[in-house]
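Notes to accompany the following structure.
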Amino acid sequence: MKQKLVKALLLFAVIALISSIIPACKSKTSDSDIKTSTETALRGNPDLSGVRVDVNEGVATLSGEVKDEATRAAAESAVTTIKGVKSVTNNISIAPLPQAPVEVTADDPLRTSVNDAIKDHPGVTASVNDGVITLTGEIKRADLPTLMQKLNALKPKKIENQLTIK
Amino acid sequence: MALQEKYKQLIDTAKTAGVSNLQVREQDGVLYIDGEAPSGAVKDQLWDVYGKIDPNFTGGDLILNVDAKAVEGSKVRVITQSSNLNIRKGPGTDQPIVGKAAHHEIITLLSKSNPQWWLVRTNEGEEGYSYAQYLEPVEG
């Protein structure tokens with residue numbers, strides 16, 4: 001009789017323990033839930049489409065690329081407020097600025113400018129084809145930098161220097 | 001990226017010497033460095049560095065377009081080798097000569113609207129176009 005009572009009490013204690021654990025588990029948001037809500041939050045901003053998130057024990061790690069520092073900060077603040085996120089590690093990098101393509105002077109104006117530039121260098125002949133200036137003939141070493149400075153300022157595509165240096 | 005390695009010293013010099021609007025671009029095997037040097041001395045320094053990397057300028061893989069910043073209305077120095085600088089009626093060597101400025105003379109820059117041919121005024125009041133590469137801003 002006593003033993004039965006002890007067993008019943010033990011059973012009751014176990015049930016009480018389990019039932020106290022289950023709601024505690026439920027109230028803690030799982031990593032995958034955090035990840036889902038984080039991704040939903042990031043999708044709200046098209047600037048953040050390059051951002052990826054990983055969650056481990058409530059720590060959200062952001063990676064990927066965005067266009068500038070403000071967007072990087074926006075991604076972090078969007079995630080910090082999500083339920084269950086303990087802290088945010090911001091590993092997002094900023095994408096380098098896209099550069100404008102190089103402007104090359106069209107052949108006709110380039111040819112005119114090249115002829116102006118070589119006028120003071122009598123031994124030098126130049127031809128222009130598809131933005132490329134080809135130099136032939138001869139030049140004194142001391143005059144070479146001057147000529148090259150003039151030609152580099154004309155926005156050619158390339159300079160093929162085949163000059164003989166005296 | 002290999003070209004940026006080859007000309008790294010040049011790029012670094014441009015950065016530390018305060019070249020403004022600096023652009024370093026690589027396209028079809030040629031590196032393009034564009035910008036405005038704060039002075040003629042900085043431009044010379046960059047060309048010295050370029051000349052150390054490629055003494056005969058035969059690489060065919062760099063276009064260095066960094067000119068000294070010259071403000072319209074300011075003074076510029078004539079930097080021909082030794083001769084007088086022609087001042088022409090219009091922008092081009094086919095234009096008639098309307099005046100001359102002496103080697104190392106300091107004249108006034110009026111307009112840079114044509115990047116190769118600057119409109120200048122001599123101290124005698126003659127106005128016309130001169131080849132920009134023979135003019136250098138006078139450091140204030």
Side-chain angles (χ1 to χ4, degrees), chain A residues 96-124 126-166, chain B residues 21-37 40 43-44 46-52 54-68 79-86 88 90-95 114-118 129-136:
Chain A
L97 271 180
Q99 288 188 313
V102 175
E103 273 174 58
V104 174
T105 311
D107 279 0
D108 282 343
L110 184 58
R111 207 167 278 130
T112 310
S113 318
V114 167
N115 287 335
D116 287 345
I118 64 167
K119 198 184 139 275
D120 294 335
H121 304 273
V124 177
S127 66
V128 171
N129 188 19
D130 198 17
V132 179
I133 304 173
T134 305
L135 299 172
T136 48
E138 53 179 35
I139 193 163
K140 284 189 199 134
R141 175 163 292 281
D143 294 339
L144 182 62
T146 312
L147 175 65
M148 293 307 283
Q149 287 181 21
K150 286 191 230 172
L151 297 175
N152 274 254
L154 304 177
K155 296 186 185 289
K157 189 184 206 172
K158 190 176 179 177
I159 301 172
E160 293 278 11
N161 176 14
Q162 298 168 5
L163 288 167
T164 307
I165 301 160
K166 286 193 287 185
Chain B
N21 302 323
L22 181 67
Q23 280 189 296
V24 179
R25 294 173 288 185
E26 201 170 326
Q27 197 169 296
D28 300 328
V30 180
L31 186 69
Y32 299 83
I33 302 179
D34 296 83
E36 267 191 338
K43 180 186 172 177
D44 293 343
L46 293 173
W47 277 88
D48 281 349
V49 174
Y50 182 12
K52 283 195 182 98
D54 183 0
N56 295 338
F57 306 105
T58 48
D61 54 5
L62 176 69
I63 297 295
L64 176 61
N65 180 23
V66 177
D67 270 322
I79 50 162
T80 49
Q81 304 278 17
S82 59
S83 56
N84 290 331
L85 177 68
N86 288 332
R88 295 175 183 274
T93 48
D94 52 346
Q95 296 287 315
N114 180 318
Q116 260 87 56
W117 290 89
W118 288 355
Y129 291 84
S130 281
Y131 201 64
Q133 291 294 313
Y134 288 130
L135 296 168
E136 165 187 276

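Per chain, numbering begins at 1; letters A, B, ... match sequence-line order.
- Taking CD of B:Gln133 as the start and CE of A:Met148 as the end, the distance is 12.0 Å to the nearest 0.5 Å.
- Interface remark: A:Ile159 contributes backbone and side-chain atoms alike to the contact with chain B (heavy atom separation under 4.5 Å).
- Expressed to the nearest 0.5 Å, how far CZ of B:Phe57 lies from CG of A:Leu147 amounts to 10.0 Å.
- Ranking B:Thr93, B:Thr80, B:Asp28 against chain A, the residue ahead of the rest is B:Thr93, based on heavy-atom pairs under 4.5 Å.
- The side-chain hydrogen bond (donor to acceptor under 3.5 Å, both in side chains) check on A:Lys157 picks up nothing, with sequence neighbours excluded.
- Looking at A:Gln149, both its backbone and its side chain come within 4.5 Å of chain B, counting heavy atoms on both sides.
- The contact between A:Lys158 and chain B is made by backbone and side chain atoms together, counting heavy-atom distances below 4.5 Å.
- Residue B:Asp61: no heavy atom, backbone or side chain, is found under 4.5 Å from chain A.
- Considering all non-hydrogen atoms of both residues, A:Pro101 and B:Gln27 come closest at CA-OE1, 3.8 Å.
- Interatomic distance, CG of B:Leu64 versus CG of A:Leu151, reported as 12.5 Å (0.5 Å rounding).
- With a 6.0 Å radius and a threshold of 12 heavy atoms from other residues, nucleotides or ligands, A:Lys140 has its NZ atom at or below the threshold.
- The parts of A:Asp143 that come within reach of chain B are both its backbone and its side chain, each placing non-hydrogen atoms under 4.5 angstrom from that chain.
- Here CG of A:Leu163 is found 10.0 Å from OG1 of B:Thr58. Values are rounded to the nearest 0.5 Å.
- Using a 4.5 Å cut-off between heavy atoms, B:Leu62 touches chain A through its backbone atoms (N, CA, C, O) alone.
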Should A:Lys155 and B:Asp34 be marked as a side chain to side chain contact (heavy atoms under 4.5 Å, CB included) after you check the CA-CA gap, both sets of side-chain angles, and the distance that decides it? CA-CA 10 Å; A:Lys155 296 186 185 289; B:Asp34 296 83; 3.9 Å; yes
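- To the nearest 0.5 Å, atoms CG (A:Asn152) and OH (B:Tyr32) are separated by 10.5 Å.
- Counting heavy-atom pairs under 4.5 Å between each of B:Asp67, B:Asn56, B:Val66 and chain A puts B:Asn56 at the top.
- Looking at every heavy atom in both residues, A:Ala153 comes nearest to B:Asn65 through CA-OD1, 3.4 Å.
- Heavy atoms closer than 4.5 Å to chain B are found nowhere in A:Thr112, neither backbone nor side chain.
- Using a 4.5 Å cut-off between heavy atoms, A:Leu135 does not touch chain B at all.
- A:Asp116 places no side-chain N or O within 3.5 Å of a backbone atom of B:Tyr131 that could act as its donor or acceptor partner.
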